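One structure below.
The shown structure was predicted, so the numbers you read here are calculated from the model rather than taken from an experiment. Read the numbers this way: they start at 1 and go in the same order the structure lists the ligands and their atoms.
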Amino acid sequence: MDIDISVRESAEGADHVIHLDALVIGAGIAGIYQLHRLRELGLNVRAFETGSGVGGTWYWNRYPGARFDSQVEAYQFWISKELYAAWKPSERYPAQPETERWLNFVADRLDLKKDIQLNTRIASAHYNEDSGRWLVTTSAGQQIDTQYLVACCGMLSAPLTDRFPGQASFKGQLLHTALWPKGEVDLAGKRIAVIGTGATGIQVVQSVAPLAKHLKVFVRTPQYILPMKNYKYDQAEWDKWSSQFDELKLRVRQTFTGFPFDFEVGPWAEKTPAERLAVLEAFWEKGSLELWLGTFAEMFFDPSINEEISEFVRGKMRARLNNDPALCDLLVPKTEDYGFGTHRVPLETKYLEVYLRDNVEGVNCRTAPIERIVPEGIMTADGKVHEVDVIIMALGFDAGSGALSRIDIRGRDGRSLKAQWQQEIRTALGMQVHGYPNLFMTGAPLAPAAALCNMTTCLQQQADWITGCISHARSQDRDVVEVSKTFEDEWVAHHDAVAAATLVVKTDSWYMGSNVEGKPRRLLSYIGGGAAYNAKCNELAETGYPGFGMISIQRRGMETMNAYYGQEGHGPYTLYNIGDLTLEDGGVIPACELAVATFGKLNAAKDNAVLIPTWYSGTNKIIEQVLIGEGRALDPTRYFLIIVNQIGNGLSTSPHNAGGDLAGAAFPHVRIGDDVRAQHKLITENFGIERLALVVGGSMGAQQSYEWAVRYPEMVARVGAIAGTARNTELDFLFAETLIEAITSDPGFAGGSYAAASDVAAGLARHARLWTVSGWSDEFFRQGKHLAMGFDSIGGFVANFMVPYFAPMDPNNLLCMAWKWQRGDVSRHTNGDLAAALGRIKARTFVLPISHDNLFPPADCAAEQRLIPNSELHVLESGDGHLGLFGTDPAMLAQLDTHLKALLES
Ligand code: NA7
């Protein structure tokens with residue numbers, strides 16, 4: 001007999017496509033909660049579930065003895081106190097039937113079932129880049145068109161079933177724990193084999209041993225165990241827990257593993273051996289996972305501490321096996337096997353004592369591995385046939401990535417998630433994967449929810465974050481959310497670095513994917529702790545999800561026309577919609593967006609904020625690379641650094657991404673003053689900052705800094721104006737004019753209606769040559785700096801550095817900025833009286849020209865400085881000229897740091 005999968009495929013609606021805002025895959029713990037949250041958001045959402053009932057893990061795993069290892073007061077939904085109090089669990093660790101009833105109770109209470117389609121397996125999900133939506137197909141052929149796809153498939157829901165040759169030939173009953181049939185399975189008086197002694201196998205073994213005529217347990221790797229102390233809960237007990245609902249709800253998100261307990265017994269090193277033993281004994285008595293996840297965190301890092309704790313557990317196990325040498329050899333892990341806690345530690349109830357029974361035999365399948373299943377039973381490598389009536393396979397799962405890999409998921413450009421994960425398992429926070437826009441997931445790899453967590457805690461936390469992210473995107477009128485590759489790379493690197501410090505990565509188990517042949521090795525679960533993970537997620541939500549690109553399909557044609565602009569090359573940054581911006585020269589930018597990158601934290605007094613506007617063609621990225629760093633003047637450990645991209649630079653609202661009536665050449669004229677008013681809204685309304693410790697910028701960034709100081713004198717404590725002036729000179733105006741002409745005279749420019757930047761390649765190359773001539777100084781070339789950068793001549797420098805630098809930029813964007821630059825002039829505020837305008841400045845101001853700057857020579861800057869009341873002139877000595885702003889001269893950067901430090905301390 002083969003495994004009964006008990007799924008009757010629904011063919012509902014096979015003939016027409018259903019349209020949804022969101023489709024949730026799965027109706028387990030995560031699925032029903034995610035459905036509830038997205039429905040609260042007002043989305044048209046539906047969940048699809050393979051089983052014929054809700055429950056997920058607690059629907060499928062109905063094998064004898066199935067129960068969870070988390071205390072029931074913490075294995076909960078935190079939706080409301082009323083819901084919590086209304087279900088009274090019967091015991092501390094309820095068994096599967098009660099948990100399945102509880103999940104049905106929750107689904108009924110929240111009226112979720114009307115939006116859950118049962119008996120339906122999702123077969124494929126293909127992303128359509130034009131619509132920004134997913135086309136999902138069930139195995140019965142039903143099609144669903146959905147904007148968001150939220151996979152709540154479960155981390156342990158892809159069971160490993162076909163493991164041995166000859167399975168189909170077995171004459172008796174072959175059962176898999178995770179596909180256990182509904183209804184009674186009569187095991188009484190049977191000859192039973194259990195293969196596998198993980199958390200599942202242990203529960204099965206201890207439950208069926210008393211029923212079986214004879215039980216053979218096939219043990220390969222022995223397990224460390226902890227005793228489960230289960231006891232009945234009466235109404236008074238549950239009322240007690242219900243009264244603690246608010247504290248528990250808060251607490252479980254603040255601990256390492258999502259339980260209400262944490263590693264709080266104090267450092268191992270500070271205790272005597274007797275004190276350590278006392279702690280271990282006391283926690284052994286607790287009968288929970290707390291000895292593992294709530295005593296000494298050092299056990300995960302230090303092999304000698306781990307060995308001492310392992311030996312404590314081994315001693316307990318040996319005693320329970322009456323120190324029988326053969327049983328201890330079979331069932332007690334040895335030092336050379338692996339250490340306590342480096343893979344899942346199951347709770348058990350008299351599991352070891354089972355082996356002392358006459359009707360139970362442990363078969364060592366390390367020495368004699370299982371070769372095949374034969375009609376009579378199990379054949380092992382020693383040639384022996386173990387004859388049985390029933391085989392129960394407790395062989396585990398393709399964890400974390402398995403469930404999603406079993407669906408044909410195709411992202412942008414048809415890329416396959418399964419194929420990618422066969423090479424390397426990567427995600428961003430376990431909730432998105434780059435290349436799969438609008439696909440979110442819970443319980444997926446590289447998050448605590450993949451394994452190392454009290455599951456209800458971590459799954460709800462993820463579903464909450466996903467709900468928040470979708471809600472934010474919608475509030476910003478954005479249809480598509482996709483994490484950047486940079487963000488994903490950084491998360492994977494962080495995940496690996498944290499994991500590498502632990503002993504967990506040295507142990508083979510499903511945690512590492514080593515239970516599935518060919519699965520790429522990586523710790524599935526993020527091991528930096530639930531609390532740290534939550535903090536990271538919360539920070540992203542509070543700062544507008546930097547690193548998660550959000551685009552509008554309506555505008556997307558324009559946005560993707562130039563792949564240069566985006567999170568990939570310039571992120572992470574966050575888009576802030578500052579509302580409609582009425583422009584000085586007429587016109588309005590509706591829902592104007594500023595792309596903002598922040599570093600460091602705003603202090604409680606809100607007096608450590610530094611605003612850094614960008615220069616011509618530059619973005620937040622180059623400013624980050626050149627000016628920011630620990631120990632530098634702009635030190636993120638001391639200051640809250642806000643780099644704001646100017647309008648028109650390609651990341652903030654710009655001609656190439658504006659869309660509609662404002663697209664391309666139709667984009668209105670924007671002035672420095674418009675940028676500064678938009679930034680003022682951002683600073684005051686989005687960040688709640690009333691005074692800036694410093695506004696500092698180079699070139700057009702200096703223009704914006706001066707504008708800030710003149711327009712909002714009370715708000716700016718200090719100004720650093722690098723290589724720029726408050727009023728543009730006539731010569732500079734002319735230079736910018738030549739830049740404009742270089743571009744617009746290219747026939748490919750076509751009045752601004754070119755199809756791609758490459759159509760204007762010749763114009764952009766001329767523009768790059770002009771920048772070479774005036775941006776760098778004669779001294780730069782005399783010193784051979786271009787040769788030192790690896791170019792063989794000035795021609796090579798232009799062809800291989802300057803031209804490629806500007807080539808991908810959008811010509812209309814550059815023109816927008818050039819026009820703005822030409823007209824930078826603070827004396828607009830005082831009817832053309834520059835002295836009066838600069839006289840308004842209350843900020844302490846450092847004027848910082850570059851000695852060899854052709855565009856903003858020191859003399860021009862000094863003339864302005866003399867008009868600013870509380871100011872100093874400090875010339876940065878550098879032969880590189882204006883484009884020394886790129887950071888080509890470390891000595892100049894050192895001077896700059898010295899001056900900015902002095903300014904910040906003044
Ligand atoms: P696990 O923990 O992956 O356990 C699977 C068991 O099956 C484990 O003892 C394996 O031994 C054993 N196994 C697998 N293949 C074989 C073969 N070929 N021969 C003999 N024994 C084999 O899965 P569970 O379902 O118990 O638990 C999964 C999680 O679900 C659990 O951690 C809880 O969080 C809930 P091995 O260790 O590979 O030698």
Side-chain angles (χ1 to χ4, degrees), residues 28-29 56-58 60-63 65-70 75 93 96 99 154-167 175-180 193-206 216-226 228 257-258 289 292-293 330-331 333 337-338 341-348 351 362-373 378-381 386 391-400 402-403 443 448-456 458-459 504 507-517 519 524-525:
I29 301 265
T57 287
W58 303 109
W60 295 103
N61 290 271
R62 38 184 80 239
Y63 60 84
R67 64 181 71 242
F68 50 72
D69 286 348
S70 304
Y75 197 88
Y93 299 101
Q96 178 272 333
T99 304
M155 51 283 167
L156 293 161
S157 56
L160 301 171
T161 50
D162 288 328
R163 301 299 272 173
F164 303 107
Q167 278 181 205
L175 298 163
H176 195 290
T177 48
L179 297 168
W180 200 264
V194 175
I195 313 175
T197 53
T200 302
I202 282 175
Q203 291 187 333
V204 175
V205 166
Q206 67 198 19
K216 287 193 182 211
V217 186
F218 289 76
V219 184
R220 191 162 68 179
T221 307
Q223 284 279 358
Y224 291 97
I225 46 85
L226 285 171
M228 169 185 280
T257 48
L289 294 175
W292 176 34
L293 304 172
L330 182 71
L331 297 167
D337 289 338
Y338 63 100
T342 60
H343 76 66
R344 173 70 150 86
V345 182
L347 295 188
E348 52 72 50
Y351 163 69
V363 180
N364 188 334
C365 58
R366 242 209 278 216
T367 49
I370 297 172
E371 277 211 337
R372 59 183 296 111
I373 307 294
I378 298 170
M379 182 188 276
T380 44
H386 301 266
I391 299 174
I392 301 177
M393 306 213 296
L395 298 172
F397 303 85
D398 182 355
L452 277 168
C453 193
N454 177 29
M455 285 307 161
T456 52
C458 290
L459 294 174
V504 177
T507 299
D508 284 344
S509 79
W510 67 263
Y511 278 9
M512 293 301 295
S514 47
N515 64 330
V516 178
E517 208 179 319
K519 188 166 176 173
L524 286 176
S525 190

Identity and separation of the nearest protein heavy atom to atom 35 (C) of ligand 1: L156 CD1, 3.8 Å
Working note: D69 + R344, criterion side chain to side chain contact (heavy atoms under 4.5 Å, CB included); need CA distance, chi angles, decisive distance, verdict. CA-CA 11 Å; D69 286 348; R344 173 70 150 86; 2.9 Å; yes
among protein heavy atoms, the one nearest atom 13 (N) of ligand 1 is L395 CD2, 3.6 Å
For the residue pair Y93 and Y75, establish whether any side-chain heavy-atom pair is separated by less than 4.5 Å. no
Taking the six-membered ring for Trp and the single ring otherwise, decide whether the centroids of F218 and H386 are under 6.0 Å apart. yes
Side chains of T197 and P222, heavy atoms from C-beta outward: is any pair under 4.5 Å? no
Answer yes or no: is there a side-chain heavy-atom contact under 4.5 Å between D162 and Q167? yes
Are side-chain heavy atoms of T99 and R67 found at a separation under 4.5 Å? no
Atom 12 (C) of ligand 1 - nearest protein heavy atom and its distance: G196 CA, 3.6 Å
Residue portion contacting ligand 1 (non-hydrogen atoms closer than 4.0 Å) for F218: neither
Backbone or side-chain N or O of T221 under 3.5 Å from ligand 1 N or O: yes
Below 4.0 angstrom from a heavy atom of A394, which ligand 1 atoms are there? Numbered from 1 as shown, please. 5 (C), 6 (C), 7 (O)
Who's the nearest protein heavy-atom neighbour of atom 9 (O) of ligand 1, and how far? T197 N, 2.9 Å
Would you say I370 has any N or O atom under 3.5 Å from an N or O of ligand 1, going by distance alone? no
Within a distance under 4.0 Å of any heavy atom of C365, pick out the atoms of ligand 1 and give their elements. 20 (C)
Under 4.0 Å from one or more heavy atoms of R344, ligand 1 contributes atoms 32 (O), 33 (C), 34 (O)
Going by the side chain to side chain contact (heavy atoms under 4.5 Å, CB included) test, name the single residue among I392, I378, V219, V363 that passes it with I195. I378
Say whether R220, considering both its backbone and side-chain N or O atoms, lies within less than 3.5 Å of an N or O atom on ligand 1. yes
For atom 25 (O) of ligand 1, which candidate among V217, T200, D398 holds the nearest heavy atom? T200
Within the structure provided, determine whether S70 and N454 are in side-chain contact (heavy-atom separation under 4.5 Å). yes
Pairwise side-chain contact, D337 with R366, heavy-atom cut-off 4.5 Å (strictly under): yes
Write out the residue and atom name of the closest protein heavy atom to atom 4 (O) of ligand 1, then the distance separating them to 0.1 Å. G198 CA, 3.6 Å
In this structure, does ligand 1 have an atom that sits under 4.0 Å from one of the heavy atoms of W510? yes
I'd like the name of whichever of G396, A178, S509 reaches closest to atom 23 (O) of ligand 1 through any heavy atom. G396
F397 CZ to T57 OG1 distance, which is reported to the nearest 0.5 Å: 7.0 Å
For atom 31 (C) of ligand 1, which protein heavy atom lies nearest, and how many Å away is it? A199 CB, 3.6 Å
